[in-house]
Engineer: 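Quick one: this structure, given as C-alpha cells, is what I'll be asking you about.
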2 protein chains.
Amino acid sequence: MRLSARVDYALRAAAELAATDSRAVTAEHLATTQKIPRKFLENILLQLRRAGLVRSLRGAEGGYLLARPPAEISLADIIRGVDGPLANVRGERPEHLNYSGTALPLQRVWIALRASERAILETVTLADIASGELPVSVREIAEDPQAWLARPTG
Amino acid sequence: MRLSARVDYALRAAAELAATDSRAVTAEHLATTQKIPRKFLENILLQLRRAGLVRSLRGAEGGYLLARPPAEISLADIIRGVDGPLANVRGERPEHLNYSGTALPLQRVWIALRASERAILETVTLADIASGELPVSVREIAEDPQAWLARPTG
DNA sequence: ACCGTCTCGACAGGAATAATCGGATCATGC
DNA sequence: GCATGATCCGATTATTCCTGTCGAGACGGT
C-alpha cells in the first residue's frame, strides 16, 4: 500500500467537502485549510469532477461540492478517480497476470489482497470520515493496538 | 496496493528458491525460468542477501538459496527486504501522520488497511507458494468470484 | 463591464524505478 | 597456480512517474 500525495490530497479535500454540505467551497479555501498546494489541488479537483464525484460552480460564490451525498461516495471511488485502479502489479491488473511455474500461486495472493483492500475502501464513505464514525468492521481492525505498531510482533 | 517490478521479481525468485530446496540455484537459472532481466535480478538477490533472507555461494556450483526454511519466510519479509516498509502515505508511516480537521479519521483507515494487508502478507509463506496450498484464511478470500472481478459490484 | 472563480493544456524539475556495465572477488577443479 | 564459473557491487544510464507551477481562456453573477 503506497498512497501518493495526489490521492492523499484528493481524500482530504473530499473529506472537507463532505463536512461542508450543500455550500460550494473554493479551491483556495480547501488548499489553505488542508495545506495543499493550490494549483495542484485545482488539478486534482478537475479530475474528481471528470470522474463525476464533485460538481463545480464558476463565478463569485463559486467553488466545489460533492456530486452525491457523502454517504454514497466511498474512499475507493475517490482513489480510483484520481489514481486509476486500486491494485496493480507492474502496471497489470491482478487478474490479468500470467505467472508461470512456481510463481503461479502468487496471483491468488494478489487477488486476496485486493479483495481485502476493497473490503475497507469500498465500505468507508465520506460521510463516515466527516462524522468521525468509522464502520464497525473497520473500527475493530483499527482498534487493535497491534495495528499501530511499526513492526508486527509474532 | 502497487507492486513494483522489483518486488514482483523478488517474490518470484524467492518462490523458485523455495521450490528448489537445499541446492544452490544460479542467478542465470532464476532469470531464465522466471523471465527476469539477469543483472537486475542479481541486484535484487544482493538486497535479499543483505536482508538475511537468502544465502549465496560463489564459484562453480555456486548460486543462491534461502537462509531459512521456506515456511519461516513470509511474503512480507521479502517485500520489506527489497522495498522497505509495507505501507506508507506520502513517504510517512501511517502511525506518524498528523492530519488536521476533517481529515483526521483518515489515519485510522490507513492503520486498518495496513493491518489487513499484514494479515495476508505475514501469513503466507514461501512454503505455501511452493506447495501451492495457501492458508485457509487467504484461500477463502481468493475463492470468492467477486474478488476476481475488475470492478466490484454492489 | 468587471471581478472572482473554475478550466485545462503545457511544462519543468526532481525523484523513483528499471535496467545495464564492467570489473573485482572468491571457490573449485584440474 | 591457473582457468572457469559464479557472486559482488558501485557507478551509470534511461525512462517513467510524481509533484508542482504557469498562464491564458471561459464562464457566472452583479
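Letters go in sequence order (proteins before strands), and every chain restarts at 1.
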Engineer: Please tabulate, one pair per line, all N/O donor-acceptor pairs under 3.5 Å involving side-chain atoms of residues 56-72 of chain B, not counting sequence neighbours.
Structural biologist:
residue : atom : partner : partner atom : Å
B:Arg68 : NE   : B:Glu72 : O            : 3.4
B:Arg68 : NH2  : B:Glu72 : O            : 3.1

Engineer: What is the first contacted nucleotide of DNA chain D and what is the last, in 5' to 3' order, if contact means an atom lying under 4.0 angstrom from a heavy atom of chain B?
Structural biologist: D:dG5 to D:dC18

Engineer: Expected output is a numbered-order residue list: members of residues 11-19 of chain B with a heavy atom under 4.0 Å from any atom of DNA chain D. What is it?
Structural biologist: none

Engineer: Distances for protein N/O vs nucleotides 20-23 of chain C N/O pairs under 3.5 angstrom?
Structural biologist:
residue : atom : partner : partner atom : Å
C:dT20  : O4   : B:Asn43 : ND2          : 3.4
C:dG22  : O6   : B:Lys39 : NZ           : 2.4

Engineer: Which residues pass the side chain to side chain contact (heavy atoms under 4.5 Å, CB included) test with A:Ala115, sequence neighbours left out?
Structural biologist: B:Ile141, B:Ala147

Engineer: Among all residues two or more places apart in sequence or in another chain, which pass the salt bridge (Lys or Arg N to Asp or Glu O under 4.0 Å) test with B:Asp128?
Structural biologist: none

Engineer: Please output the side-chain donor-acceptor pairs of residues 3-14 of chain B that fall under 3.5 Å, not counting sequence neighbours, one pair per line with the distance.
Structural biologist:
residue : atom : partner : partner atom : Å
B:Ser4  : OG   : B:Val7  : N            : 3.3
B:Ser4  : OG   : B:Asp83 : OD2          : 3.4
B:Arg6  : NE   : B:Gln47 : OE1          : 2.7
B:Arg6  : NH2  : B:Gln47 : OE1          : 3.1
B:Asp8  : OD1  : A:Tyr99 : OH           : 2.4
B:Asp8  : OD2  : B:Arg12 : NH1          : 2.8
B:Tyr9  : OH   : A:Arg90 : NH2          : 3.1
B:Arg12 : NE   : B:Gln34 : OE1          : 3.2
B:Arg12 : NH2  : B:Gln34 : O            : 2.3

Engineer: B:Tyr9 side chain N/O closer than 4.0 Å to the phosphate oxygens (OP1, OP2) of C:dA19?
Structural biologist: yes

Engineer: Please write out which residues are connected to A:Leu46 in a hydrophobic cluster, directly or through intermediates, given that two of Ile, Leu, Val, Met, Phe, Trp, Tyr count as joined at side-chain heavy-atom separations below 4.5 angstrom.
Structural biologist: none

Engineer: Under 3.5 Å, which protein N or O atoms sit close to an N or O of nucleotides 24-30 of chain C? Give each pair with its distance.
Structural biologist:
residue : atom : partner : partner atom : Å
C:dT25  : O2   : B:Arg58 : NH1          : 3.0

Engineer: Considering only heavy atoms, which members of residues 80-94 of chain A lie under 4.0 Å from some atom of DNA chain C?
Structural biologist: none

Engineer: Scan nucleotides 11-16 of chain C against the protein and return all N/O pairs shorter than 3.5 Å with their distances rounded to 0.1 Å.
Structural biologist:
none

Engineer: Within a 6.0 Å radius of atom CZ on A:Arg2, are there more than 12 heavy atoms belonging to other residues, nucleotides or ligands?
Structural biologist: no

Engineer: Going by the rule salt bridge (Lys or Arg N to Asp or Glu O under 4.0 Å), which residues pair with B:Glu95 if we only count those two or more places apart in sequence or in a different chain?
Structural biologist: B:Arg114

Engineer: Salt-bridged, A:Glu42 to A:Arg49, with N to O below 4.0 Å?
Structural biologist: no

